[in-house]
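Note on naming: letters A, B, ... go to the chains in the order of the sequence lines (proteins, then strands), and numbering restarts at 1 for each one.
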2 protein chains.
Amino acid sequence: MTAEPPVSPATAGEPARPRRRDATETRQLLLDAARQRFARDGYAATTVRDIADDAGVNVALINRYFSSKEGLFEACLRAAGDELRRTTGQTPADRVPEAIARHIADLGTAGLSSQLTLLLRSSGDAGADEIRRGVLSRASEQLAAARGWRPGEPGGEQILLRAQMALAAGIGVAVLRSSSIQLEPLSSATEEDLVGPLRDLVDALLPPR
Amino acid sequence: MTAEPPVSPATAGEPARPRRRDATETRQLLLDAARQRFARDGYAATTVRDIADDAGVNVALINRYFSSKEGLFEACLRAAGDELRRTTGQTPADRVPEAIARHIADLGTAGLSSQLTLLLRSSGDAGADEIRRGVLSRASEQLAAARGWRPGEPGGEQILLRAQMALAAGIGVAVLRSSSIQLEPLSSATEEDLVGPLRDLVDALLPPR
DNA sequence: GAAGCAAGTCAACATATGTTTACATTGCGT
DNA sequence: ACGCAATGTAAACATATGTTGACTTGCTTC
């Protein structure tokens with residue numbers, strides 16, 4: 001239907017693969033290719049043949065290892081959730097804005113921007129929606145907790161709401177910088193350009209105590 | 001491929017249409033149905049038959065009036081741009097956060113939230129990308145101008161960048177509240193719940209002078 | 001009322017796409 | 001070395017989908 005720009009030159013020019021016929025490795029190749037495609041083009045616009053070609057792998061293996069395109073997508077969401085939790089996990093409270101700026105600024109295909117963009121992609125499947133909601137929920141709670149929020153605390157709802165707004169801002173920035181939009185000057189802003197405004201933003205929403 | 005929930009009961013139960021065989025009206029019906037579908041499900045996941053059914057109109061008319069699915073999508077983007085410019089046009093500088101809060105809080109299919117969500121949808125077509133970039137660019141310049149930015153002014157780049165971050169925050173909030181995500185408590189927050197944090201956010205990014 | 005034209009309908013087509021099935025090949029344990 | 005399960009391949013299928021062309025229907029004008 002539309003053009004089909006490959007997302008990366010399959011596997012980089014390694015003349016002899018160390019281990020072929022390794023199920024774990026091809027599973028990972030598929031996961032990586034799928035995450036890039038899904039994040040960049042969305043679920044519906046990505047075909048299983050695109051993913052398989054990027055991974056340098058036969059199409060049928062998607063159904064073998066992930067049951068279906070939906071299954072592969074859910075696996076991508078889980079992986080993005082894990083990576084998000086890992087990167088945002090141990091951030092000291094006073095470094096939250098800097099951490100967000102640094103991770104948002106990274107436009108690489110493995111960076112946080114890419115994970116956030118992926119997390120917005122919808123497949124229309126209820127299972128995937130549930131996973132996404134869980135991941136985003138946890139992320140906002142982590143962010144709120146870094147600024148003193150505790151579950152069930154009176155008035156905590158307000159803090160959680162503000163944390164979700166900060167998360168929304170990060171997501172919005174990631175989206176407006178992403179390849180399909182590239183709003184300038186936001187898109188070519190560096191980490192140093194972003195950290196100041198982001199600190200103002202986060203500190204205004206979640207005042208450090 | 002996926003389920004197919006209609007977006008609204010075609011045309012509400014009007015027993016006798018006032019004017020049938022009215023090209024302008026059916027064009028508008030198609031535009032409205034398409035904007036809802038595209039905003040909710042994205043470009044690739046929306047089929048022309050879905051749109052035609054929602055509009056209560058024959059499929060072939062999409063190609064007659066808009067040349068192609070792409071053409072219809074571009075028309076939707078232009079319409080969203082017009083509506084965005086109209087709603088954000090005459091906002092006094094000191095009411096910007098309130099205006100954003102009010103418009104973001106409106107989750108109706110014609111509200112600003114829906115327009116912003118639509119503007120994020122990508123079709124992979126270069127023409128559509130250009131339209132989107134233009135609309136978002138103008139919106140951020142309007143926002144910056146409301147806080148004293150003037151084109152070409154020294155140091156104005158910083159203000160524009162901050163305005164785009166505020167726009168990004170609004171977009172992020174709209175997305176996290178949208179039907180496919182519905183992050184709580186953000187999703188059920190009312191205009192009053194949003195206005196406080198949004199004022200803090202906008203004022204921190206674009207200090208009123 | 002007939003001609004002419006815009007508006008709308010219907011059916012078909014060409015292709016893209018997710019999935020399955022049957023078959024080939026590799027490597028490991030014995 | 002041999003068999004066997006695991007891994008990978010190729011082709012086909014059923015269907016969804018954008019688009020097109022021929023045809024019909026209603027409105028307007030003379």
Side-chain angles (χ1 to χ4, degrees), chain A residues 1-6 10-11 16-31 33-34 37-38 41-76 121 123-125 127-128, chain B residues 1-6 10-11 16-31 33-34 37-38 41-76 121 123-125 127-128:
Chain A
M1 217 173 306
T2 57
E4 190 180 334
T11 38
R17 228 79 56 78
R19 282 200 297 175
R20 266 156 53 177
R21 243 180 159 77
D22 178 341
T24 320
E25 181 184 332
T26 64
R27 231 190 91 103
Q28 192 60 46
L29 287 175
L30 282 173
L31 256 182
R37 281 279 184 180
F38 284 145
D41 303 333
Y43 178 81
T46 300
T47 75
V48 290
R49 286 176 174 84
D50 289 341
I51 298 172
D53 288 353
D54 285 350
V57 148
N58 191 283
V59 205
L61 296 183
I62 289 181
N63 295 278
R64 182 192 287 283
Y65 290 130
F66 299 95
S67 304
S68 65
K69 187 189 178 188
E70 284 281 1
L72 174 55
F73 182 64
E74 293 188 9
C76 288
R121 301 306 193 174
S123 70
D125 177 61
Chain B
M1 215 172 305
T2 57
E4 190 181 334
T11 37
R17 228 79 56 79
R19 283 199 297 174
R20 268 156 50 178
R21 243 183 159 76
D22 179 341
T24 319
E25 181 184 332
T26 64
R27 232 190 92 103
Q28 192 60 45
L29 287 174
L30 282 174
L31 257 181
R37 280 280 184 181
F38 285 145
D41 303 333
Y43 178 82
T46 300
T47 75
V48 291
R49 286 175 174 85
D50 289 341
I51 299 173
D53 289 353
D54 285 350
V57 149
N58 192 284
V59 204
L61 296 183
I62 288 181
N63 294 277
R64 182 193 286 282
Y65 292 131
F66 300 96
S67 304
S68 64
K69 187 189 178 187
E70 284 280 1
L72 174 55
F73 182 64
E74 293 188 9
C76 290
R121 300 307 191 174
S123 70
D125 176 62

Whole-Å gap separating P (dG18(D)) and CG (Leu30(B)): 14 Å
Under 3.5 Å between N/O atoms: give me all the protein pairs with nucleotides 10-12 of chain C, atom names plus distance.
none

Pairwise distance OG1(Thr47(A)) to CG(Asp53(A)) - rounded to 0.5 angstrom: 7.5 Å
Polar-atom pairs under 3.5 Å, protein N or O versus N or O of nucleotides 22-29 of chain C: list them with distances, or write none.
residue: dT25(C); atom: O2; partner: Arg21(A); partner atom: NH2; Å: 2.4
residue: dT26(C); atom: O4'; partner: Arg21(A); partner atom: NE; Å: 3.4

Looking at Thr26(A), does any N or O in its side chain come under 4.0 Å of the phosphate oxygens OP1/OP2 on dT7(D)? no
Atom pair CG/CG of Asp54(A) and Leu30(A) - distance to nearest 0.5 Å: 10.0 Å
Over-ring placement of Lys69(A) relative to Phe38(A), 6.0 Å and 45° cut-offs: no
Please tell me if the side chains of Tyr43(A) and Glu70(A) come closer than 4.5 Å, counting only heavy atoms from C-beta onward. yes
Take the protein atom CG of Leu61(A) and the nucleotide atom P of dT9(D), then report the distance between them rounded to whole Å. 7 Å
Using whole Å, report how far CD of Glu25(A) lies from C1' of dA6(D). 16 Å
Quick note, Asn63(A) side chain, CB onward, closest among dT19(D), dT20(C), dG18(D) is dT20(C)
Can you tell me how far P of dT19(D) sits from CG of Leu72(B), to the nearest Å? 10 Å
Contact check, side chains of Thr26(B) and Tyr65(B), non-hydrogen atoms, under 4.5 Å: yes
Got a second to check how far Ser68(B)'s OG is from Ile62(B)'s CD1, nearest 0.5 Å? 10.0 Å
How close or far is atom C1' of dG18(C) from atom CZ of Arg37(A), stated in whole angstroms? 16 Å
Roughly, in whole Å, what's the span from CZ in Arg27(A) to C1' in dA6(D)? 15 Å
Any heavy-atom pair between the side chains of Phe66(B) and Arg27(B) that's under 4.5 Å? yes
Using heavy-atom distances to pick each residue's nearest nucleotide on DNA chain C, tell me which of Thr46(A) and Ala23(B) is more 5'. Ala23(B)
Do Thr46(B) and Arg121(B) have side-chain heavy atoms sitting under 4.5 Å apart? no
Side chain of Val59(A): nearest nucleotide among dG8(C), dT19(C), dT17(D)? dT19(C)
Nucleotide dA7(C), atom P - distance to CZ of Phe66(B) in whole Å: 13 Å
In whole Å, what is the span from the CD atom of Glu70(A) to the C1' atom of dT19(C)? 14 Å
When we call it a touch if two heavy atoms are under 4.0 Å apart, what does Tyr65(A) touch: a base, just sugar-phosphate, or nothing? sugar-phosphate
From the candidates dT17(D), dT9(C), dT19(D), the one with an atom nearest any side-chain atom of Lys69(B) is dT19(D)
At their closest point, which heavy atom of Ala52(A) faces which heavy atom of Asn58(A), and how far apart are they? CB-C, 4.1 Å
